[in-house]
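Computed from a predicted model, the values in this text were never measured in an experiment. Letters go in sequence order (proteins before strands), and every chain restarts at 1.
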Number of protein chains: 2
Amino acid sequence: MSPAKRANRRVTLQDVADRVGITAAACSMALRDSDRISPTTKEQVRAVAAELGYVGSSAARALRRQRAGAVALIVPTTSKHVFGHSYFMHVLSGVTSVANDHDTQVLIATNADEARGLTAYERVMRSHSADGAILTSAAIEDETVDRLLASGLPLVLIGNFPQLAAAITVSVDDRTASREATEHLIVVHGRRRLLHLTGPLDHQTGVDRRDGFHDAVAAHGLEEEAVSLEGDFSEEAGRQLVEGRADTFDGIVAANDDMAFGALTALRERGRDVPGEVALIGFDDFGLSRVTTPAISTVAVPAEEMAAVATERLLELIDGRAAGWTRRRMDVTFRFRASCGCDQKL
Amino acid sequence: MSPAKRANRRVTLQDVADRVGITAAACSMALRDSDRISPTTKEQVRAVAAELGYVGSSAARALRRQRAGAVALIVPTTSKHVFGHSYFMHVLSGVTSVANDHDTQVLIATNADEARGLTAYERVMRSHSADGAILTSAAIEDETVDRLLASGLPLVLIGNFPQLAAAITVSVDDRTASREATEHLIVVHGRRRLLHLTGPLDHQTGVDRRDGFHDAVAAHGLEEEAVSLEGDFSEEAGRQLVEGRADTFDGIVAANDDMAFGALTALRERGRDVPGEVALIGFDDFGLSRVTTPAISTVAVPAEEMAAVATERLLELIDGRAAGWTRRRMDVTFRFRASCGCDQKL
DNA sequence: CTGAAAGCGCTTACAG
DNA sequence: CTGAAAGCGCTTACAG
């Protein structure tokens, strides 16, 4: 029997049952290997199911079991913006690999344009088409998160949300990591006049990385010369913030690699040598920093691993399994490359 | 009524109907704005639905309508490999933005590990959880594609599949683009000893780009010196293929940017100047080529736009709308940057 | 232990 | 024109 033939009409459990001469209910149990069904019958059912090319209807199962068998990955910004950051690619990779292992579908829920009005969160809630959600890169004051949390839908957040006591989160210690990155420029490379390019300060990540920078300069008595300027994680912001200020600093700590790259471009245009005259360090290591010249030193965030861990936890939550952890911290990895002066070649 | 309260038990159409004093069927019609229902009743239904926070069950609707309201994005390789290429990110962005505009969910279907056995295609087929699929980066001889096509499931392919007469595809003209890129090195930059680093030759893209390279060298009588070496689109392959051969060529056409970057690394290690001694051009422009030094000249493939167009067509197919096109060609854009010698700065 | 009904939440096709 | 049954395809809870 060719695949084309089979597809003519959907094969249902009833079809299999008729052929074997039992009820659909028994068939269902046979396929789920219930011990109510005799080995002989199970064998027959399996054989017929295979022969007819039976595939269960996910809609019917979902309706009956009150379970979608899917998780949603929610990104509370327009898809255009978000996909531009390869962060999302790592997260998606982590989510799908775990979901795949648990026969769970992955739904992508990005916000529709403001114009159309529907938010990602509303799509998931409305449709009940996912049993839970992973939410990432949310702003501190995002009411979406509060509502999602209040709704009782299983939810795991990636990032730090100190104000949400009830939230289950997976994160890195941005503040400590940023402090250590800054100290690296101070201690190892002897930089004294430091500039910090912040992320958006309505995101906890932006705040924490900035605070870590300040911790470091304060600890080393360099507050006087230190400056931090507000950016938005974009390469363009990095470039603009450094343009015209290129001569003022001997070290730059950017809150992410995109901004570090923007800074690098601006420094290059002004003829400032990196790392000779200005040591530079970024944050994230999602791809860009490794391929530039000089390669950008950075703090690697294990985004894929965080997403995988978050998804494991989400599936536990959905299954109502053991209480488990509420806040999970993952380790960052420092990658000291050429832009800070560590890696000498080229 | 707080969101938390509402979530205690699911609100069904019946609940709304009871409150208004009509049947669930009438309610359903009212919400879909049927003209069988009086304006007054519609108003009441809407008010009650809003008050109770009614959201329809996607599973129930899917079961009844025999429509999932979702499309699947299938990637026939392991997720790890694929997400590594930012190509996928662009595709996903295109698919979600169109799907969002049509109230359609997006499902990600990557292959599970070989060990677990289930392929992406089988997940979609089995579950009937998507009404159609977008398939990308498939190998020429991939039986998945044949079976998917034969199954009758609405399907749109991204890429060239000349051997599949029945397939609906969105693609770029890789062969012509590759020929023109090669001719650019020959005509504009006077290169004579050319090396081509191919993609995997079990993919049409690999074959077409290689053929375009050969078209160009043949047209200019440079076959003698020209060499093409089989790669696999990885940076590592680009590096290895050029290592030890760095002195032999004055122009390299890589089938994608990752390999071009690998080649660049190998040339740099050998102290060969790019573009002075070796002019280099890549293909794709999915992100990497713009940020290297020198920036890599390349042929920009409009992946996001292709995905958007493919999704539009897929939705037409699902709706059974007008026949429409079968093969759609999109234009590439040449980005001549520093690595071929066009952009002089730095 | 096992057979078959009931019902998940919708929407369409039918009866009145 | 409108009311309410039937049924999408499953699986669980119940009756025997």
Rounded interatomic separation in angstrom, taking [atom1] from [X] and [atom2] from [N]:
{"X": "B:R32", "N": "C:dT12", "atom1": "CZ", "atom2": "P", "value": "6 Å"}
{"X": "B:Q14", "N": "D:dA5", "atom1": "CD", "atom2": "P", "value": "11 Å"}
{"X": "B:H128", "N": "D:dG9", "atom1": "NE2", "atom2": "C1'", "value": "11 Å"}

Residues of residues 59-72 of chain A with any non-hydrogen atom less than 4.0 angstrom from an atom of DNA chain C: list those, numerically ordered, please. A:L63, A:R64, A:Q66
Go through residues 20-29 of chain A and report each residue with a non-hydrogen atom lying under 4.0 Å from DNA chain C, sorted by number. A:T23, A:A25
Side chain proximity check, [X] to [Y], heavy atoms < 4.5 angstrom:
{"X": "A:D131", "Y": "A:L153", "result": "no"}
{"X": "B:I134", "Y": "B:T311", "result": "yes"}
{"X": "A:L317", "Y": "A:R313", "result": "yes"}

Not counting sequence neighbours, which residues clear side-chain contact (heavy atoms from CB on, under 4.5 Å) with [X]? List them please.
{"X": "B:D202", "result": "B:A139, B:P200"}
{"X": "A:A30", "result": "A:I37, A:K42, A:V45"}
{"X": "B:S171", "result": "B:N160, B:R329"}
{"X": "B:D35", "result": "none"}

Between B:V95 and the options B:T136, B:I158, B:I108, B:V106, the side-chain contact (heavy atoms from CB on, under 4.5 Å) test singles out B:V106
Which of residues 33-42 of chain B sit near DNA chain D, with a heavy atom under 4.0 Å from it? B:R36
What pairs with B:E305 under salt bridge (charged side-chain N to carboxylate O under 4.0 Å, His left out), at least two apart in sequence or on another chain? none
Tell me, please, which residues at least two apart from B:R328 pass salt bridge (charged side-chain N to carboxylate O under 4.0 Å, His left out). none
Whole-angstrom distance between D:dG16 and C:dG7, as gauged at atom P: 15 Å
Closest contact, heavy atoms only, A:R46 versus A:D33: NH2-OD1, 3.3 Å
Pairs meeting criterion salt bridge (charged side-chain N to carboxylate O under 4.0 Å, His left out) with involvement of residues 58-70 of chain B, two or more places apart: B:R67-B:D319
Dot-bracket encoding per residue of DNA chain D, Watson-Crick/G-U cut-off under 3.5 Å, | denoting interstrand: |||.||||||||.|||
Contacts of B:T41 meeting side chain to side chain donor-acceptor pair (under 3.5 Å) (sequence neighbours excluded), chain-then-number -> B:S38
